Amino acid sequence: MGGEPGGYLPASFGFPPSHWAIDLLARWEAHDSVRRSWAADARDGNSRVLESARLLRAALFHALRTGDPSAAVRYVVDVVECGLCRDVKGAARAITLLLRVRSGGGTAEEMVRTFFDGRLPGSFHEWMTTPYAQADPEPRPLSSEASSLVGMLVERAFRLLEEARRTDGFDSWFMALTRAESVIQVTLYVLQWSMPRMPLGLRAVHGQLSELDAHYSGMVASLRVARAPVMESVVRHSRGLAEVFRAKGDVSGDRFAREALLIPRFLLDEPLTDGWREPGHRTASMLPGPDGLRERLSPEQAVVLAPDDPSSWRELGSLLRGRDAPWAGQVCDHLAGVAAEWAHPPA
C-alpha cells in the first residue's frame, strides 16, 4: 500500500487517495479471506498467539527504523488505542515479550535479531516471512527502562479514561471509553505477566484498573438491554456507586470521580440532554439505537450506521453524483455491490 510494515506513513508517501481506493477495492476479496481466517483462528484458540506475532513484526520494524528499541512497545500501545488490535491478550503478550528483551539492554537491531534467531530481515518480503526464534525470550526482572515503559502504559490508560470523562456527547464518550478500556485490559495483563510480585503501589493501581474494567463490562451489558433512553440506566448506576463511596467517607465525591467514574462528572447532577440520551449514528450499530434514527440521518451518516446495507451506499452515490463527483458515485455503487455480496455470499 505504499507504506511500511509498521503502518506509520511519512509526511509525503507518494500514495494518492485515489490509488488507495482502487487498491482497497482490488484487495477486498483477500480481506474477506482474512476475515474468515480470523474467525476460524478465534474458534481454534490461537487468536492471542497469532495477534502477538502480527504485532511483533510491525513493532520490531518500527523500532529498527527509528533506532529506538523502546519504540516497539509504544507502537503496540498506539495500535491498541487506535482500535486496530483484534485481541488485547495478543497485544499484551507482544508487549510482555518486548519488555523481557528490553530488560536485557542492547540496540534496536539486537532486539530484532533476538526475536528472529539472529537474522535481520531486509526486504519487505523478509519482514513478512522470516520465522521467529523457536523459544520465547526468558522471563527476567524488568530493567529501569522496561519499568518506565510499564509506567507509560499505566499513564496512557488513565489519560484515555480522563479524556472519556471530558467528552460532550454519547458517541464521543462511548468511543473514547472503549479506547481507554482496551488499553486498561492490556495494562492489566502486562502487569500480571511482567510483574508477578508487583510493588505495593502497582498492586493498588492494578486493583483500581480491575475495578474499572469490571464496571465497564457491567455498563456495556446494561446498555445492550436497557430501555430507551439507554443512558439513564448508566447514570442511575453511577449515582448509586457514588452513594456507596459517600457512605465510606467520600463526602465531596472526589475519590469516586477519580477512581471509579466512567462518565463525565456533570452527568451525576444534571438532566440528560438529547446528545446524551441515546447512541448516535457512530455507535448505534453496537448498541440499541433510538427508533427512527436511520430516517433522520444524512447519506454520509447512514453509511456509517449501516455499511453492510447496499441501499446506504446507493443513496450516498446518488448524493455524490449530484455534487459533481461521478467517480466517487461509481465507487459507492461498487461498494453497494460488495455489501450485497457480503450479506449473501455465493454458494
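Hydrogens, waters and symmetry mates are skipped; everything else that's a heavy atom, side chains included, is used. This structure is a prediction, so every number in the text was calculated from the model and none was measured. In this chain, numbering begins with 1 at the start of the sequence shown.
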Exercise for review: Return the minimal non-hydrogen interatomic distance between Arg100 and Pro137, and the atom names on each side.
Suggested key: NH1-O, 2.8 Å
**Study point:** Note: Arg159-Glu155 ion pair, threshold 4.0 Å (strictly below)
**Key:** no
Review point. Is the closest side-chain heavy-atom distance between Met152 and Leu149 below 4.5 Å?
Key: yes
Check your understanding: Looking only at heavy atoms, what is the nearest atom pair of Pro279 and Val230, with distance?
Key -> CD-CG2, 3.6 Å
**Study point:** Backbone of Leu268 reached by a side-chain donor or acceptor of Arg239 within 3.5 Å
**Key:** yes
Exercise for review: Would you check if Leu267 and Pro264 make a side-chain contact, meaning some heavy-atom pair closer than 4.5 Å?
Suggested key: yes
Practice item. Treating Ile, Leu, Val, Met, Phe, Trp and Tyr as nodes and any side-chain heavy-atom pair under 4.5 angstrom as an edge, say whether Val77 and Tyr189 lie in one connected cluster. Key: yes
Check your understanding: In terms of hydrophobic clustering (I, L, V, M, F, W, Y; side-chain heavy atoms under 4.5 Å; direct or indirect links), are Leu64 and Ile95 co-clustered?
Key -> yes
Exercise for review: In plain terms, say whether Arg179 and Glu81 are close enough for a salt bridge, that is, a side-chain N and a carboxylate O under 4.0 Å apart.
Suggested key: no
Review point. Between the main-chain N or O of Gly118 and the side-chain N or O of Arg113, is there a donor-acceptor pair closer than 3.5 Å?
Key: yes
**Study point:** Any side-chain heavy-atom pair of Gln330 and His334 under 4.5 Å
**Key:** no
Exercise for review: Answer yes or no: is there a donor N or O on one side and an acceptor on the other, between the side chain of Gln185 and the main chain of Ser182, under 3.5 Å?
Suggested key: no
Review point. Should Leu305 and Leu335 be counted in the same cluster of Ile, Leu, Val, Met, Phe, Trp and Tyr side chains packed under 4.5 Å apart?
Key: no
Review point. So, do Phe124 and Trp127 have ring centers that fall under 6.0 Å from each other?
Key: no
Practice item. Answer yes or no on whether Arg57 is positioned over the face of Tyr132, meaning its NZ or CZ is under 6.0 Å from the six-membered ring centre and within 45° of the axis. Key: yes
Check your understanding: Looking just at side-chain N and O atoms, do Ser312 and Arg294 make a donor-acceptor pair shorter than 3.5 Å?
Key -> yes
Exercise for review: Look only at the side chain of Glu259 and the backbone of Phe256, and say whether a donor-acceptor pair between them is shorter than 3.5 Å.
Suggested key: no
Exercise for review: Step by step, work out the side chain to side chain contact (heavy atoms under 4.5 Å, CB included) result for Trp173 and Met231.
Suggested key: CA-CA 11 Å; Trp173 162 74; Met231 193 62 180; 3.7 Å; yes
Review point. Minimum heavy-atom separation for Ala63 to Ala72, with atom names?
Key: CB-CB, 3.9 Å
Check your understanding: Judged by modelled atom types alone, do Ser143 and Arg102 share a side-chain donor-acceptor pair under 3.5 Å?
Key -> no
Point to revise | Polar side-chain atom of Arg48 near backbone of Ala91 as donor-acceptor pair, under 3.5 Å | key: no
Review point. Heavy atoms, side chains only, cut-off 4.5 Å: are Met219 and Leu177 in contact?
Key: yes
Check your understanding: Would you say Thr130 and Asp117 make side-chain contact, with heavy atoms under 4.5 Å?
Key -> no
Point to revise | Tyr216 side chain to Thr178 side chain, donor-acceptor N/O pair below 3.5 angstrom | key: yes
Exercise for review: Kindly assign one of parallel, tilted or perpendicular to the pair Phe170 and Phe174, based on the angle between their ring planes and the thresholds 30° and 60°.
Suggested key: parallel
**Study point:** Leu320 side chain reached by Cys332 side chain, heavy atoms, under 4.5 Å
**Key:** yes
Review point. Can you tell if the side chain of His215 reaches within under 4.5 Å of the side chain of Leu241, non-hydrogen atoms only?
Key: yes
Exercise for review: Spell out, as yes or no, whether a donor-acceptor pair under 3.5 Å connects the side chain of Glu162 to the backbone of Phe158.
Suggested key: no
Review point. Counting only N and O atoms by type, is there a donor-acceptor contact under 3.5 Å from the side chain of Arg321 to the main-chain atoms of Gly329?
Key: yes
Review point. Do Glu51 and Arg54 meet the salt-bridge criterion of a basic N to acidic O distance under 4.0 Å?
Key: yes
Check your understanding: Can you check whether Pro229's main-chain N or O pairs, donor with acceptor, with Arg277's side chain at less than 3.5 Å?
Key -> no
Check your understanding: Of the non-hydrogen atoms in His281 and Asp171, which two are nearest, and what is the gap between them?
Key -> N-OD2, 3.4 Å
Check your understanding: Could you give the distance from CD1 (Ile184) to CG (Leu160), rounded to the nearest 0.5 Å?
Key -> 8.5 Å
Exercise for review: Check Thr107 against Glu110 and note the closest heavy-atom contact, atom names and distance.
Suggested key: N-OE1, 2.8 Å
Review point. What are the two closest heavy atoms between Ser103 and Arg140, and how far apart are they?
Key: CB-CD, 3.6 Å
Check your understanding: Is the CZ atom of Arg296 crowded by more than 12 outside heavy atoms at less than 6.0 Å?
Key -> yes
Point to revise | ILVMFWY network linking Trp313 to Leu297, side-chain heavy atoms under 4.5 angstrom | key: no
Exercise for review: In sequence, state the C-alpha distance, the side-chain angles, and the governing distance for Ser70 and Glu145, and then conclude on side chain to side chain contact (heavy atoms under 4.5 Å, CB included).
Suggested key: CA-CA 8 Å; Ser70 297; Glu145 174 65 26; 2.5 Å; yes
Check your understanding: Are Val244 and Leu261 connected in the hydrophobic side-chain network, where two residues link if heavy atoms are under 4.5 Å apart?
Key -> no
Review point. Is it true that Arg119 and Glu109 have a side-chain N and a carboxylate O under 4.0 angstrom from each other?
Key: no
Check your understanding: Can you tell me if Trp276 uses its side chain to pair, donor with acceptor, with the backbone of Pro271 under 3.5 Å?
Key -> no
**Study point:** Ionic contact status for Arg74 with Asp68, cut-off 4.0 Å
**Key:** yes
Exercise for review: Compare all side-chain heavy atoms of His206 with those of Gln192 and state whether any distance is below 4.5 angstrom.
Suggested key: yes
Practice item. Please lay out, stage by stage, how Arg314 and Asp309 fare under the test salt bridge (Lys or Arg N to Asp or Glu O under 4.0 Å). Key: CA-CA 9 Å; Arg314 295 192 189 100; Asp309 185 346; 5.9 Å; no
Check your understanding: Are Arg265 and Asp254 close enough, and set up right, to give a salt bridge (Lys or Arg N to Asp or Glu O under 4.0 Å), and what steps lead you there?
Key -> CA-CA 10 Å; Arg265 189 170 181 174; Asp254 291 344; 3.0 Å; yes
